[in-house]
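Below: one structure, written as structure tokens.
All chains are named by letter (A, B, ...) in the order of the sequence lines, taking the proteins before the strands, and each is independently numbered beginning at 1. Just so you know, these numbers come straight off a predicted model, no measurement behind them.
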Amino acid sequence: MSKTPSDNTFQAIISHAKEYGFVFPSSEIYDGLSAVYDYGPYGSQLKKNIRDYWWACMTQMNENIVGIDAAIFMHPTTWKASGHVDGFSDPLIDNKDSKKRYRVDHLIEGHAEKLVERGEQVAADNLLANMDALLAKDDFEGLKKLIEDNKIHCSISGTGNWTEIRQFNLMFSTELGSVAEDANTIYLRPETAQGIFVNFLNVQKTARMKIPFGIAQTGKAFRNEIVARQFIFRMREFEQMEMQFFIKPGTQKEWYEHWKAERMKWHLSLGITADKYRFHDHVKLAHYADAAVDIEFEFPFGFKEVEGIHSRTDFDLTRHQEFSKKKLQYFDTEINQHYVPYVIETSIGLDRMFLLILSNSYEEETINKEDGTTDSRVVLHFPARIAPNKLAILPLTKKDGLPELAKELMDECKKSFHCFYEEKDAIGKRYRRQDAIGTPFCVTIDHQTKEDGTVTIRYRDSMLQERIPMNKVKSMVLEHIS
RNA sequence: GCGAAAGUAGCUCAUUUGGUAGAGCACGACCUUGCCAAGGUCGGGGUGGCCGGUUCGAGCCCGGUCUUUCGCUCCA
């Protein structure tokens, strides 16, 4: 895999995203915050359009899928039930020489065993007792001092050159209420899925849903990643678009295949070529899944996951039954039986989809002009239905009544879709500016418009132009974006 | 987290050995023009990522720190 050309493209895309108001580093005037980004005027609109398109495809085009919007905060027990609390709260320490990472408790226990072998049982017991006390208090400084005082060394490098102790907890936490010492810790959700599971019966009953049916949701999730990188690809705060599809146990294989195919169709419906996509089957499955696949896209930095389709079995609902002591079952009138439904999940990262659209659309194009010289432009080939601006309305000059005509068209069209009006600078320059933000159509009002009511429409991708009646512009654009 | 590289105007970059910063594009106003990045005049914008050190003097040398990209590691 050659790195250099694609690195340059990626850099160029990041620069372009900033220069044209798509994505800014967060809190940039304070040097930014690692792996956090803000969406600018065109970026937020593009992101919203992607979200809306997904939402319509899920909840509008499928009669058996409904939406919800759950809170980011959830009852702390949710995360015990989901399995997020355990397994990810162990303090870790790295040896700087060997680069080997240890769980602190394992490191100290290993040393205690050596003491026992040497017959120093009392010292070993003391060490472990000290460790337990410090672990209970999350006293990392004390633990490091304990390691240093006991001259515990790395078994590979043999040195005692340790980093600070860190706790790599996946979830961000905060305190609910005003009194922190009440230990009423709540977490920022690390995935949106649990908001759907805990509402399973509320939704099923109130919307009178029959299995098989789905619940869709978009929203922010938060993960305290150890390394977050590659622009907006891996962020600590990100937005998910996901749908949990509830099915009869035993039918999960066919529904898994169904949604695998459906989701790929959705991606291809945005006009992206199939060779940029591939499936990646999970070999090592997560604790909740009996089958899992990633839809990967070829980003400038290689094939990476955009969306996951997981067969989550009845793991989540069963666990919530256990922890809440409330039944989360469905009565299937066809077979006259209660059961806990199985679940197929489709989960796509909105920010990753944004980056996908941006990198797939970005082109530095060389134009061969009629006089033999060449010219260049940067153009974003956004699919028309998700482009931030649909139409730019440009009077050829700012006098002779042309702006007035253009404003009329503007007033007509802006009720239906996002339009952009500009009368500054030469027409060619204005076209290029619209190319750079991915506006699919430009309309120019000229002197002929006053005579016969026609305008020039110029297409972003082909740069071709043709004359059409001004009163047909709105319907023509609507045709392309619906 | 470890290692490497980088950070100068909104963007891309100059400023060869230390002597208090420039260009192109972009941006604003006006004039001229009018169908693919036109020309002219004028103008706004940088305490050189940040902090400290060496020096008579630091964008440049040294240390630290933040941010970004890349490689490894991690990714329930």
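A search for side chain to side chain contact (heavy atoms under 4.5 Å, CB included) contacts involving A/Asn471 returns A/Pro469, not counting sequence neighbours.
If you take atom C1' in B/G7 and the same atom in B/G59, they sit 11 Å apart, rounded to whole Å. Look at the C1' atom in both B/C70 and B/G28: the space between them is 39 Å, to the nearest Å. Taking the C1' atom of each, B/G48 and B/A14 are spaced 13 Å apart, rounded to whole Å. Taking the P atoms as reference points, B/A6 lies 12 Å from B/C62, given to the whole Å. Nucleotides B/U47 and B/A21 are separated by 13 Å at their P atoms, to the nearest Å. When the C1' atom is compared between B/G34 and B/G39, the two are found 13 Å apart, to the nearest whole Å. On the P atoms, B/G22 is 14 Å away from B/G44, given to the nearest whole Å. Only the P atoms considered, B/C56 is 35 Å distant from B/G45, to the nearest whole Å.
Protein atom CZ of A/Phe10 is 18 Å distant from nucleotide atom C1' of B/U12, rounded to whole Å. Per the geometry, CD1 belonging to A/Ile14 stands 13 Å off C1' belonging to B/A6, to the nearest Å. The separation between A/Phe301 atom CZ and B/U68 atom C1' is 14 Å, rounded to whole Å. One can place CD of A/Glu305 at 10 Å from C1' of B/C75, the figure rounded to the nearest angstrom. When rounded to the nearest whole Å, the span between OH of A/Tyr30 and C1' of B/G7 equals 20 Å. Here the P atom of nucleotide B/C75 and the CE atom of A/Met171 are 17 Å apart, to the nearest Å. The separation between A/Ile13 atom CD1 and B/U12 atom C1' is 16 Å, rounded to whole Å. In this structure, A/Asp31 atom CG and B/G49 atom P are separated by 10 Å, rounded to whole Å.
A/Ala289 comes within 4.0 angstrom of no nucleic acid atom, judged by non-hydrogen atoms across all strands.
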Can you give me every donor-acceptor pair (side chain of residues 21-28 of chain A, partner residue at least two apart or in another chain, under 3.5 Å) with its distance?
from, atom 1, to, atom 2, distance (Å)
A/Glu28, OE2, A/Lys18, NZ, 3.0

All N/O donor-acceptor pairs, side-chain side in residues 347-354 of chain A, below 3.5 Å, sequence neighbours left out:
from, atom 1, to, atom 2, distance (Å)
A/Asp351, OD1, A/Tyr39, OH, 2.7
A/Asp351, OD2, A/Glu239, N, 2.8
A/Arg352, NE, A/Phe233, O, 2.9
A/Arg352, NH1, A/Glu305, O, 3.1

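Taking 4.0 Å as the cut-off between side-chain N and carboxylate O, A/Arg312 and A/Glu345 count as a salt-bridged pair.
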**Asked** Where do A/Thr192 and A/Gln240 land on the side-chain hydrogen bond (donor to acceptor under 3.5 Å, both in side chains) test, with the steps shown first?
**Response** CA-CA 7 Å; A/Thr192 52; A/Gln240 291 185 310; 3.0 Å; yes

**Request:** Kindly indicate, with the supporting measurements, whether the criterion ring pair (Phe, Tyr, Trp, His ring centres under 6.0 Å) is fulfilled by A/Phe441 and A/His480.
**Result:** CA-CA 10 Å; A/Phe441 310 106; A/His480 278 88; 5.0 Å; yes

**Request:** Would you check, one step at a time, whether the test side-chain contact (heavy atoms from CB on, under 4.5 Å) holds for A/Cys442 with A/Leu394?
**Result:** CA-CA 7 Å; A/Cys442 293; A/Leu394 316 168; 4.2 Å; yes

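Below 30°, between 30° and 60°, or above 60°: for A/Phe299 and A/Phe301 the angle between ring planes is below 30°, a parallel geometry. Ring pair A/Phe172/A/Phe222 is perpendicular by interplanar angle, where above 60° counts as perpendicular and below 30° as parallel.
Of all heavy-atom pairs spanning A/Pro395 and A/Tyr421, the tightest one is CG-OH, 3.5 Å. The minimum heavy-atom distance linking A/Gln465 with A/Thr456 is given by the pair OE1-CG2, 3.4 Å. Minimum heavy-atom separation, A/Arg263 to A/Thr346: CG-CG2, 3.8 Å.
When each of B/G10, B/U69, B/C70 is scored by its nearest atom to the side-chain atoms of A/Gln230, the top-ranked nucleotide is B/C70. Of all nucleotides listed (B/C11, B/C75, B/U69), B/U69 comes nearest to the side chain of A/Phe231. Side-chain atoms of A/Arg234 lie closest to B/C75 of the nucleotides B/C75, B/A76, B/U68.
Applying the 4.0 Å criterion to OP1 and OP2 of B/U12, one finds that A/Ser15 has a side-chain N or O inside that range. A sub-4.0 Å separation between OP1 or OP2 of B/G10 and a side-chain N or O of A/Lys18 is absent.
RNA chain B contains the following stems of three or more consecutive Watson-Crick or G-U pairs, with both distances under 3.5 Å: B:1-7 with B:66-72, B:10-13 with B:22-25, B:27-31 with B:39-43, B:49-53 with B:61-65.
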**Request:** Would you give a per-nucleotide map of nucleotides 25-41 of chain B, 5' to 3', where B means the base has a protein non-hydrogen atom under 4.0 Å away, S means only the sugar-phosphate does, and - means neither?
**Result:** -SSS-----BBBBS---

Give me, pair by pair, the N or O atoms of the protein and of nucleotides 22-24 of chain B that are less than 3.5 Å apart, along with how far apart they are.
none

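If you run ring-ring contact (aromatic ring centres under 6.0 Å, His included) between A/His16 and each of A/Tyr42, A/Phe10, A/Tyr362, only A/Tyr362 comes through.
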